[in-house]
Novice: 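Pasting a structure here, questions to come.
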Amino acid sequence: MPELPEVENTVRILRPKVVGKEIVEVEALDPKLGHVPQNLTLPARVLELLRKGKYIIFDLGERKLVLHLRMSGHLFWTHSLSEISKHTRLILRFSEGTLLFIDPRRLGTAEVVEEFSEPLGPDALGDLSFLDEALLKSRAPIKLWLLDQRNIAGLGNIYASEALFLAGIDPRRPASSLKKREVAKLKDAIHRVLREALEAMGTTLEDKAYRTPEGESGDYEPKVYGREGLPCLRCGTPIERIELGGRGTYFCPRCQR
DNA sequence: TCATCCCTGTGG
DNA sequence: CCACAGGGATGA
């Protein structure tokens, strides 16, 4: 579900609710997450709430609680215990409210660590000038290169496809084959897609899955992702779906070369 | 650099 | 029933 825009909005909405506040009780409803309450000392004050790539980090001083929503996770802020559904995996109780980690597919993760140390590339919302040189070093298809969080952090299956559409680049092209001018367009496209999605509060496919912590769905409408067979919004050619690295990949065969 | 796996749910 | 799903770790 969540890529950079969804995670960033989640963090922005939660910050005023949890920063400076104390976690007073933690409960794991999924045995896979049983280590979380064990490894936390309560109460624990949240000094900062951070996003690194698609990770959400609760800075608790000596320790950090690191969440990753993976495919189907989301966080939900509530005051009512009746909101606890069967997909709730972790409950963080604050005096001011309760944060639920909901995750139907149970692929999401929660770790308690002393230092965050995932090998992430530069943030996709930040300065992208490193792409000029970095792309030259890889012959991987550009879309797979963009999905590898060690190269650039934050893009996922939707926005990688969307950025390549905006930039007019075929997702199968080797990263090193992009011309300077194309890399420039790609940098611009990545920022444009992410900023638009951020403003729209992310993407909620088929009116399900992704929600902000306050239950809102996202309004971003992908231009190619999930639109196999439908006309390209720019030229009318049917959008194609192929597989790259085992993931569905959508593009316009005419606009993207 | 691939396939496979981790999980569960939904839709055709 | 099968295909597919917004992510990522792992092992060949």
Side-chain angles (χ1 to χ4, degrees), chain A residues 1-11 28-34 51-56 66-75 85-90 101-111 113 116-121 124 137-165 171-176 190 193-194 196-198 200-212 216-229 239-251:
Chain A
M1 154 190 50
E3 305 182 30
L4 186 151
E6 290 80 16
V7 178
E8 178 65 21
N9 274 319
T10 293
V11 163
L29 301 186
D30 184 336
K32 281 172 87 179
L33 303 181
R51 176 187 65 77
K52 302 245 185 218
K54 302 174 198 171
Y55 289 86
I56 298 171
V66 181
L67 304 185
H68 197 300
L69 305 175
R70 294 287 182 100
M71 296 286 268
S72 62
H74 74 274
L75 298 181
S85 66
K86 73 166 178 175
H87 294 136
T88 303
R89 308 298 174 196
L90 193 66
F101 181 9
I102 298 165
D103 185 14
R105 285 178 71 182
R106 301 174 63 214
L107 296 172
T109 59
E111 297 295 332
V113 298
F116 178 79
S117 65
E118 296 299 323
L120 296 178
K137 295 178 191 155
S138 171
R139 296 167 321 184
I142 181 62
K143 192 225 177 193
L144 290 187
W145 193 93
L146 293 173
L147 284 181
D148 189 333
Q149 304 297 300
R150 294 169 300 186
N151 295 329
I152 176 170
L155 292 174
N157 212 27
I158 294 179
Y159 301 119
S161 280
E162 295 298 301
L164 288 168
F165 171 72
R172 297 165 290 193
R173 294 260 308 276
S176 55
I190 290 171
V193 165
L194 294 180
E196 269 185 45
L198 260 174
M201 301 301 284
T203 304
T204 298
L205 295 175
E206 296 160 16
D207 196 34
K208 58 174 194 221
Y210 174 69
R211 294 287 129 107
T212 71
E216 308 283 322
S217 51
D219 293 328
Y220 186 82
E221 297 202 11
K223 294 181 168 58
V224 289
Y225 186 88
R227 299 192 64 249
E228 181 183 18
I239 299 300
E240 284 184 18
R241 178 188 184 280
I242 58 172
E243 287 224 344
L244 278 180
R247 319 279 312 268
T249 300
Y250 300 84
F251 69 106

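First the proteins, then the strands, lettered A, B, ... as listed; each starts at 1.
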Novice: Closest to the A:Glu118 side chain: C:dG8, C:dA9, C:dG7?
Specialist: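 Taking heavy atoms from C-beta onward, the closest nucleotide is C:dA9.
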
Novice: Could you state the atom-to-atom distance from CD of A:Glu111 to C1' of C:dG8 in whole Å?
Specialist: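 So the CD-C1' distance, A:Glu111 to C:dG8, works out to 13 Å.
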
Novice: Can you tell me if A:Tyr250 touches the phosphate of C:dA5, counting only side-chain N or O atoms and a distance under 4.0 Å to OP1 or OP2?
Specialist: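 Yes, because at least one side-chain N or O of A:Tyr250 sits under 4.0 Å from OP1 or OP2 of C:dA5.
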
Novice: Say you pick atom P in C:dG11 and the same atom in B:dC7; how far apart are they, in whole Å?
Specialist: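 To the nearest whole Å, 15 Å.
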
Novice: Which atoms form the tightest heavy-atom contact between A:Ile158 and A:Thr203, and what is the distance?
Specialist: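 Reported closest heavy-atom pair: CD1-CG2, 4.1 Å.
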
Novice: Look at A:Lys32 and B:dT8 and indicate whether a side-chain polar atom (N or O) is within less than 4.0 Å of OP1 or OP2.
Specialist: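 False: A:Lys32 side-chain N/O out of range (4.0 Å or more) of B:dT8 OP1/OP2.
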
Novice: Find the distance A:Lys143:NZ to B:dC2:P and express it as a whole number of Å.
Specialist: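 After rounding, the gap between these two atoms is 13 Å.
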
Novice: Under 4.0 Å between a side-chain N/O of A:His87 and OP1 or OP2 of B:dT8, yes or no?
Specialist: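 Answer is no, no contact under 4.0 Å.
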
Novice: Just compare C:dA9, C:dA5, B:dC6 and give me whichever is closest to any side-chain atom of A:Tyr55.
Specialist: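 Taking heavy atoms from C-beta onward, the closest nucleotide is C:dA9.
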
Novice: Would you mind reading off the distance between A:Glu243 atom CD and B:dT1 atom P, rounded to a whole angstrom?
Specialist: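 Going from CD in A:Glu243 over to P in B:dT1 covers 19 Å.
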
Novice: Are A:Lys54 and C:dG8 close enough that a side-chain N or O sits under 4.0 Å from OP1 or OP2?
Specialist: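 Yes, within the criterion.
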
Novice: Under 3.5 Å, is there a donor-acceptor pair linking the side chains of A:Thr212 and A:Asn9?
Specialist: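 No, no side-chain donor-acceptor contact under 3.5 Å.
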
Novice: Looking only at side-chain N and O atoms, does A:Gln149 come under 4.0 Å of OP1 or OP2 in C:dG7?
Specialist: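 No, no such contact exists.
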
Novice: Nearest whole Å is fine: how far is B:dT8 C1' from A:Asp103 CG?
Specialist: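 Going from A:Asp103 (CG) to B:dT8 (C1'), I get 9 Å.
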
Novice: To check you understand the geometry: which heavy-atom pair defines the closest contact between A:Lys143 and A:Ser161, and what is its length?
Specialist: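 It is CE-OG, 3.8 Å.
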
Novice: Reckon A:Arg247 has a side-chain N or O less than 4.0 Å from the OP1 or OP2 of C:dG7?
Specialist: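 True: A:Arg247 side-chain N/O within range (under 4.0 Å) of C:dG7 OP1/OP2.
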
Novice: Tell me the interatomic distance from A:Ile158, atom CD1, to C:dA5, atom C1', rounded to whole angstroms.
Specialist: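 Roughly 10 Å, once rounded to whole Å.
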
Novice: Rounding to an integer number of Å, can you tell me how far A:Arg70 CZ sits from C:dG7 P?
Specialist: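 After rounding, the reported distance stands at 10 Å.
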
Novice: Partner of B:dC7 by Watson-Crick or G-U wobble geometry, both contacts under 3.5 Å, or none?
Specialist: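 Pairing partner, where one exists within any strand: none, as none qualifies.
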
Novice: Give the nucleotide from the list B:dC2, C:dG7, B:dT1 with an atom nearest to the side chain of A:Ala140.
Specialist: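 Ranking B:dC2, C:dG7, B:dT1 by closest atom to the A:Ala140 side chain puts B:dT1 first.
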
Novice: Can you tell me how far apart CD1 (A:Ile102) and OG1 (A:Thr88) are? Round to the nearest 0.5 Å.
Specialist: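 If we round to the nearest 0.5 Å, A:Ile102:CD1 and A:Thr88:OG1 are 4.5 Å apart.
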
Novice: C:dC2 and B:dC5: how far apart are their P atoms, nearest whole angstrom?
Specialist: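 Straight-line distance between the two P atoms is 16 Å.
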
Novice: Determine whether a donor-acceptor pair (one donor, one acceptor, N or O, separation below 3.5 Å) exists between the side chain of A:Arg105 and the base of B:dC7.
Specialist: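 In this structure, the two groups form a donor-acceptor pair.
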
Novice: A:Leu120 has an atom CG; how far is it from atom P of C:dA9, in whole Å?
Specialist: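 Distance, rounded to whole Å: 9 Å.
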
Novice: I need the CG-C1' distance between A:Leu107 and C:dT10, as an integer number of Å.
Specialist: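 Answer to the nearest Å: 15 Å.
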
Novice: For the ring pair A:Tyr159 and A:Phe165, is the centre-to-centre distance below 6.0 Å?
Specialist: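 No, too far apart.
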
Novice: Base, sugar-phosphate alone, or nothing: which one does A:Arg241 contact when heavy atoms must sit under 4.0 Å apart?
Specialist: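 It contacts sugar-phosphate atoms only.
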
Novice: Rounding to the closest angstrom, what is the interatomic distance between C:dA3 and B:dA3 at atom P?
Specialist: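 Each nucleotide's P atom is 16 Å from the other's.
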
Novice: I need the A:Leu33 CG to A:Glu111 CD distance, nearest 0.5 Å.
Specialist: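 Between A:Leu33 CG and A:Glu111 CD, I get 8.5 Å after rounding to 0.5 Å.
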
